[in-house]
Amino acid sequence: MELWNYLEYAAWGLSALFGLLMLVDWLKTDSTYSEDVLTSSREGELEAMAEEHKVKS
Amino acid sequence: MSDVDITSKTMDGMGPHGTKVGLLRVLGPAHVWALGVGIVLVGEYMGWNFAVGKGGAYAALIACWFAGILYTCVAMIDSEVTSTVASAGGQYTQAKHIIGPLMAFNVGLYLVFAYTMLEAANAITAGYLFSVVATMSGHEAALDQQPFIILVIMFLAWLNYRGVLATLTFNLVITAIAFVAILVLFVSTSGILGGGIMQHAALFEGHEMPYGWIGVLASMHFGLWYYLGIEGTTQAAEEVRSPARALPFGTLAGIMTLLIAATLTWYICTGVLPYEFLGDGVNGSVAPLFDTARLSGSMGLVWLLGFGTLFATLASANGCINDASRAWFAMGRDKYLPGWFGAVHPKYRTPYRSIVFLVPIALIFALKAPLDQVITFSILSGLLGYTFMPLNIIMFRKKWPLNSIKRGYEHPFHPLPAVTLLALCAITFFAVFLGYGTQLVAMIGFYIVVSLWFHFWRYRFVNRGAQFTMPWPKPKGY
């Protein structure tokens, strides 16, 4: 076995690890919080609170 | 101005429309620069040199500058509209507010396809780079590139999943290194500090423009490579602390950086590499800047440009994951796609479902599709997006004239940039048609089919009232 063969196995292993980390956290998050909270994001929040647009007469 | 500071720790991301968990506003202009330049800079390291093959060195330079004008128009128009429509989704959100739902749906798909395909192409390139390093380090058997391609996609998706600040700070560091590497190579090889190796006159002699002006036209297709993706800065709109300042600043600094990097890249590579070798990006010079470093005879430059090539590739894939997921998320939030995709992670404050959902799609394209087809699909989607922009800005200025709403940036000489952009897009479509006519027709056919699906089926699910949340006055004439 050469170094690059070990690196190939390491790449497979790390890929699986990153995939697993995302998957486990995803399932944990979805089961902990309600769908209402998770999908409550709305666009324009900053603008709605910080800006006031007025048409020039 | 309101007394409420939404960027404070208590109000961060929450707001009056009922947001309980929103994207995190933590980015500054440097992150916007890193997102835009990070996606693009790989085009300087590889890909642009096909333009030399199409029309010769001078044609590649003309294409470089005309594409530069095209993208300067894109950057100026984007800066004005996005600093005003400061929401995730970028051009999709612009189209939704300014033109209408069908345009928005199409633009959203252009964005997701352009970035996901580019991400796949970058992962394939990274796998190839690992195999080159293996060969150079004495590995005799052919390296299996698949685990490295998958690792690039999985690692960067994980990074994006964990938070936008770490993701774009990582991009800032590796993009800056890749850009500085080009400057160092220019200074070392041009003769400014002595010992230059440039031989432009000798290398150009006899084939300045081997295919004449038609070669220049054909070069425009690959001229896009120098800048393709700078428009991605707009996807950070909902995560910057100050959209009105950071987006124009980051985007315009980005296009200036790229104009410098593109011109220097052309100058360095055409002065060292022979035209036939440089113009063949498959069997000749796959990574021209790296090849130039190798010919310089300096091991320091070889290492620097080697890392520069890898970093540019990773930065591009990283930015593409960020942008594709924001566009997908924004479409989900408005129910243009299932609302399930509009979820935000309560701890990391990222569009986590969109990030994870796009991973297998990128993997399929990276592992199963040929590189040139993936790249062409990405370019065509991008080009369709640029064609929408002139129409968008003309309607934006007409519906909401200057002084009717607050803009972070007002681009000069309107409508000249819009008309110039439209004309250059038309020329580039013709250039693409010359080389990839079948793909162009197939792609337009695809978007017509999905448009029909959206019009006759999907539109009934769209949040028609709730999707417009900007506190703007009614458009002029309505």
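Letters A, B, ... mirror the listed sequences (proteins, then strands); counts begin at 1.
- Contact detail for B/A157 and B/I355: the closest heavy-atom pair is O-CG2, 3.7 Å.
- Your options are B/I153, B/V359, B/V133, and the one with the most heavy-atom pairs under 4.5 Å with chain A is B/V133.
- Here A/T29 is the residue among A/T29, A/L23, A/D36 with the most heavy-atom pairs under 4.5 Å with chain B.
- In this structure, chain A has heavy atoms under 4.5 Å from both the backbone and the side chain of B/F148.
- Counting heavy-atom pairs closer than 4.5 Å to chain A, the top residue among B/Q145, B/K347, B/H345, B/E140 is B/H345.
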Legend entry - Test log, rule side-chain hydrogen bond (donor to acceptor under 3.5 Å, both in side chains), inputs A/D25 and B/Y352: CA-CA 10 Å; A/D25 184 81; B/Y352 67 112; over 6 Å; no

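- Taking chain A as the reference chain and counting heavy-atom pairs below 4.5 Å, the highest number among B/P346, B/G342, B/A141 is found for B/P346.
- In terms of heavy-atom pairs under 4.5 Å with chain B, the best-connected choice from A/L17, A/L14, A/D30 is A/D30.
- Residues B/A366 and B/A123 come closest through the heavy atom pair CB-CB, 4.4 Å.
- For chain A, the nearby part of B/V356 is the side chain; its heavy atoms alone come within less than 4.5 Å.
- For a residue to count as touching a neighbouring chain, one of its non-hydrogen atoms must lie under 4.5 Å from one of that chain's; by this rule B/V152 does not touch chain A.
- Side chains of A/W4 and B/S137: a donor-acceptor N/O pair is present below 3.5 angstrom, by distance only.
- Proximity to chain A is absent for every atom of B/R162, based on heavy atoms less than 4.5 angstrom apart.
- The pair B/R353-A/E35 counts as a salt bridge, with a side-chain nitrogen and a carboxylate oxygen less than 4.0 angstrom apart.
- Heavy atoms only, all atoms of each residue included: B/A327 and B/Q235 are closest at N-OE1, 3.7 Å.
- Both the backbone and the side chain of B/F155 come within contact range of chain A, each with at least one heavy atom under 4.5 Å from a heavy atom of that chain.
- Residue B/F341 does not touch chain A at all, counting heavy-atom pairs closer than 4.5 Å.
- The distance from atom CZ of B/R397 to atom CD of B/E80, rounded to the nearest 0.5 Å, is 4.0 Å.
- Contact check for B/K476 versus B/P401: side-chain heavy atoms found under the 4.5 Å cut-off.
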